[in-house]
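Residue numbers count from 1 along this sequence. The basis for the numbers below is simple: all heavy atoms, side chains too, and nothing from hydrogens, waters or symmetry mates.
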Amino acid sequence: MLDASKYKVGYFPVSGQYTKWVKKDHIEKPPVWCSVDMRDGNQSLVIPMSLEEKLEYYKVLLEVGFKEIEVGFPAASNTEYEFLRTLIQKDMIPQDVTVQVLTQCREHIIRKTFEACKGAPSAIIHFYNSVSVAQREQVFRKSREEIKQIAVDGAKLVKRLAAEYEGNFRFEYSPESFTGTEPEYALEVCNAVLDVLEPSEENKVIINLPVTVEMSLPHVYASQVEFMSENLRYREHVVLSLHPHNDRGTGVADTELALLAGADRVEGTLFGNGERTGNVDIITLAMNMYSHGVDPGLNLSDMPHLVEEYEKCTRMHVYERAPYAGSLVFAAFSGSHQDAIAKGMKYREEKGLQQWSVPYIPIDPHDISRTYDADVIRVNSQSGKGGIGYLLEQTYGYDLPAAMREHFSYLCKDVSDREHKELKAAEVLEIFKSRYFLHSTALRITDMHFSRSGSEVQAEVTFLAQGGQTVVKAKGNGSLDAVSNALKAFTGREYVLSVYTEHSMREKGSGSVAAAYIGLKDKNGRMSWGAGTDTDIIKAGADALLSAYNNMEV
């Protein structure tokens, strides 16, 4: 049995007055994004990226459009150090991009960090020390005043070295384990650091509030952020930043509520890679904003490419159900879901809508280079007529009548159930063609001639059966009806031509090919179906008629 008594609340809520964020119902503009994939994400990999892999991944981050990238902890390893030196010496940092480096508040580490940054066109020196109750008591065994002094001494040193070293430097301070720290004490430490750094309009300072470990519900963090935002000194010259982890699985919620609470900037990673359960997922955050009509300022239009590069460089896997990026997040297997999606797509096309409002699909998959046929309508034993019919229509141009769609859906579901697998679009097409197209040569129509008398059509149809040809004449209210009556006369079998539809397949890239669908009802009321395609619509209809006839149960 689990023993919950060993746990207690380890965070410190602020007073109820810091809840202005509650009255806001959406994020109006994107934050400043800072990718920490190269540092926080990289240090959490089983096999950290090599120099070559880091360079490749760095280029991906530039393609996405990050203007601030934490490239590493240069004092931690030779690879980290050499990576930054490579970027600087090979002039790989664009003029509008700032690289960020992390350092503890320890003198020799800070000095080596500045050595690594020498000559950088723009760099953020991100220094930190842990201020939480647990770290103060268990790790450092120092008083609040002693811990604050570490932060102040670190601020003095980075300020002094920035003046001595070649480069353009900005500063960022993180009270690590902010969520396990008394808010008023975290504020005291941050204000002491700001007093040293003296932020100004020309030299803004970043104060970063890390959810080093998630401890509370998201609304608690939001109120803590609002408390800091309203009480920090030099607030107009401070960029208030967030760095949430995902231990409780609510990193995205933490971040979104904290942005409502006054934060200006977010540090996170693509697909949420990071220590333990990961950093906050910037992909999800940005796409959430996009789905509310806010341009996130990041280029995520080729999601499959981002997934491929991420998996190649990190050796990690993007979960199939990961929001927006997972291979199955747009997939609909349920028949009722497929039907609603198909009808929603059709409604949108009929109305010429620009606004996206398709049931079950929160954003247009095309926006991130996903496709309707491969990513949305997926066929298995749970699928329905609407989805399967939509897939056949969208991918191959066959627009089946409603009752035929239902019949066809059961054929597909039976195959999927029997073979215990998902059916790809090509397999759906093969089932359609093998069942409904004319394949038998036992009975064929080799020639047709028509004449009209008033509203009546006279047909002269040549049938080939058992090696001999027979010409049959019949009348009807149209060409196909006349051919059908000729077939009845030739075979001696009665049925009702219950359904006939046709359409051009020109818009699907098939030239002037026409498709025809026939439904025949026998004397017992059972339906059989056939389909045909040809450049001659009469020929397409005749093929569909013979196929439906051959599919009639004896």
### Query
When you look at D367 and Y290, which way does the side-chain hydrogen bond (donor to acceptor under 3.5 Å, both in side chains) test go after all the steps?
CA-CA 10 Å; D367 289 351; Y290 182 71; 2.9 Å; yes
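- The two residues N208 and S241 make their nearest non-hydrogen contact at OD1-OG, 2.7 Å.
- For the residue pair E176 / Q135, no side-chain donor-acceptor distance below 3.5 Å is found, with atom types taken as modelled.
- Ion pair R39/E267 not flagged as a salt bridge, since none of the NZ, NE, NH1 or NH2 atoms sits closer than 4.0 Å to an Asp/Glu carboxylate oxygen.
- Aromatic rings of Y173 and Y128 (six-membered ring for Trp) have centroids beyond the 6.0 Å cut-off, not under it.
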Evaluate the criterion side chain to side chain contact (heavy atoms under 4.5 Å, CB included) for residue pair M92 and V97; output intermediate values, then yes/no.
CA-CA 10 Å; M92 297 178 67; V97 172; over 6 Å; no
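- At distances below 3.5 Å, at least one donor-acceptor pair connects side-chain atoms of E311 with backbone N or O atoms of V318.
- Closest non-hydrogen pair, V158 versus F127, comes out as CG2-CE2, 3.7 Å.
- Between the side chain of D247 and the main chain of E214, a donor-acceptor pair closer than 3.5 Å is present.
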Item to check | Worked check of salt bridge (charged side-chain N to carboxylate O under 4.0 Å, His left out) between K54 and E52 | outcome: CA-CA 5 Å; K54 292 194 78 171; E52 292 74 21; over 6 Å; no
_Go through it in stages, so that I can follow the logic: the residues are F271 and Y319, the test is ring pair (Phe, Tyr, Trp, His ring centres under 6.0 Å), and I'd like the CA-CA distance, side-chain angles, deciding distance and then a yes or no._
CA-CA 9 Å; F271 311 111; Y319 175 46; over 10 Å; no
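- For the atom pair OH (Y165) and CD (E115), the distance works out to 3.5 Å, reported to the nearest 0.5 Å.
- The distance from the CD atom of E70 to the OG1 atom of T98 is 12.5 Å, given to the nearest 0.5 Å.
- Of all heavy-atom pairs spanning I147 and S130, the tightest one is CG2-O, 3.6 Å.
- Side-chain atoms of E226 come within 3.5 Å of backbone N or O of W21 as a donor-acceptor pair.
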Are N279 and T269 close enough, and set up right, to give a side-chain hydrogen bond (donor to acceptor under 3.5 Å, both in side chains), and what steps lead you there? CA-CA 6 Å; N279 288 72; T269 60; 4.7 Å; no
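- Considering every non-hydrogen atom in both M303 and Y324, the closest pair reads CG-O, 4.2 Å.
- Salt bridge R405/D399: present, at least one basic N to carboxylate O contact under 4.0 Å.
- The environment of NE2 in H317 is crowded: more than 12 heavy-atom neighbours from other residues, nucleotides or ligands sit within 6.0 Å.
- Atom CH2 in W33 sits 14.5 Å away from atom CD1 in I69 (nearest 0.5 Å).
- Formation of a donor-acceptor pair under 3.5 Å by the S50 side chain with backbone atoms of E53 is found in this model.
- A salt bridge links D339 with K343: the closest approach of a Lys/Arg side-chain nitrogen to an acidic carboxylate oxygen falls below 4.0 angstrom.
- Taking the six-membered ring where the residue is Trp, the centroids of Y185 and F12 are separated by 6.0 Å or more.
- Residue Y81 holds its OH atom at 11.0 Å from OG1 of T86, rounded to the nearest 0.5 Å.
- With hydrogens and angles disregarded, no donor-acceptor distance shorter than 3.5 Å links the side chain of S223 to the backbone of V220.
- Looking at Q104 and N129, their side chains never bring a donor and an acceptor atom within 3.5 Å of each other.
- Taking the side chain as every heavy atom from C-beta outward, F408 and L392 approach each other to under 4.5 Å.
- For the pair M38 and Y58, the minimum side-chain heavy-atom distance is below 4.5 Å.
- Between I110 and L161, some side-chain heavy-atom pair lies under the 4.5 Å cut-off.
- The side-chain heavy atoms of R85 and I88, taken from C-beta on, include a pair separated by under 4.5 Å.
- When every heavy atom of P210 is checked against every heavy atom of S174, the shortest pair comes out as CG-CB, 3.9 Å.
- Note on K312 versus E308: no salt bridge recorded, every NZ/NE/NH1/NH2 to OD/OE distance being 4.0 Å or above.
- Within 6.0 Å of the CD atom in E350, the count of heavy atoms belonging to other residues, nucleotides or ligands exceeds 12.
- Remark: side-chain polar atoms of N246 are paired, donor with acceptor, to backbone N or O of T250 under 3.5 angstrom.
- At a threshold of 4.5 Å between non-hydrogen side-chain atoms, the residues Y57 and T314 count as touching.
- Contact detail for I282 and F66: the closest heavy-atom pair is CD1-CE2, 3.8 Å.
- Between K204 and E172 there is no salt bridge, since no side-chain nitrogen of the basic residue lies less than 4.0 Å from a carboxylate oxygen of the acidic one.
- Listed for the R370 side chain is a donor-acceptor partner under 3.5 Å among the backbone atoms of S327.
- Side chains of D40 and H245: a donor-acceptor N/O pair is present below 3.5 angstrom, by distance only.
- Of the inter-residue distances, the one linking S216 atom OG with Y11 atom OH reads 6.0 Å to the nearest 0.5 angstrom.
- Atom OH of Y410 has 12 or fewer neighbouring heavy atoms from other residues, nucleotides or ligands inside a 6.0 Å radius.
- Here the CG-CE distance, from D281 to M287, works out to 11.0 Å after rounding to the nearest 0.5 Å.
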